[in-house]
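What follows is a short report on a single structure.
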Amino acid sequence: MVDTDRIAGAARELGGKVQGAIGDLAGSNGVSVEGRLREAHGAAENLYGQAKDAVRHAADEVSDHAAEAYDRGRHYAWEGHERSAEWPHASLLVAGLVGFGLGFLVSRL
C-alpha cells in the first residue's frame, strides 16, 4: 500500500517543476522561485511518505516473524506434551531425578 504522502508529494513536486519552468520561460523570478519551493516541498513530502512505507514494511516483517516463532513454539510445546503422554514413566523418572537433585542441594545448605 502506497502512502498518501508519497502521492501528494509527487504531485506537488511535478506541479512545482511545471510552475518553475513557466516562471523561467516568462522571466518571472517570483513564479519561478515559488515553483522551486513547491517542488522542494513535494520532494520532502514524497521522502516522508517513503520513510513511512519503509517503517510499515519493517513492522509487518517483524510481526510475521514473531507469528511464525509463536507458531513454532506452540508446535514444539504440543509435541513435547504428546511425547510425555506417550512415555509417562520417563517423565516421572526425570521429575523424580530433578526433585532428588533439588532436595540434595537444599539439604547441603
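One-based numbering along the sequence shown. Bear in mind that the values here come from a model prediction, so they are computed numbers and not experimental data.
- A distance of 9.0 Å separates CG of Asp5 from CG of Asp53, quoted to the nearest 0.5 Å.
- Among residues two or more places apart in sequence or in another chain, the side-chain hydrogen bond (donor to acceptor under 3.5 Å, both in side chains) test is passed with Glu79 by His75.
- With Arg74 as the partner, the side chain to side chain contact (heavy atoms under 4.5 Å, CB included) test is satisfied by one option alone out of Tyr70, Tyr76, Trp78: Tyr70.
- Closest approach of Val31 and Gly23 over heavy atoms only: CG1-CA, 3.9 Å.
- Listed by first then second residue, pairs satisfying salt bridge (charged side-chain N to carboxylate O under 4.0 Å, His left out) with a partner in residues 60-71 number zero, not counting sequence neighbours.
- Applying the salt bridge (charged side-chain N to carboxylate O under 4.0 Å, His left out) definition to pairs two or more places apart or across chains, none involves residues 89-99.
- Judged as a side-chain hydrogen bond (donor to acceptor under 3.5 Å, both in side chains), the pairs with a partner in residues 11-30 (not counting sequence neighbours) are, in order, Arg12-His41, Arg12-Glu45, Gln19-Glu34, Gln19-Arg38, Asp24-Ser32, Asp24-Arg36.
- Residues Leu37 make up the rest of the hydrophobic cluster containing Val33, defined by ILVMFWY side-chain heavy atoms closer than 4.5 Å, directly or through other members.
- Judged by distance alone, with hydrogens and angles left aside, the side-chain atoms of Ser63 form no donor-acceptor pair with the main-chain N or O of Ala59 at under 3.5 Å.
- Rounded to the nearest 0.5 angstrom, Asn46 CG and Leu14 CG are separated by 11.5 Å.
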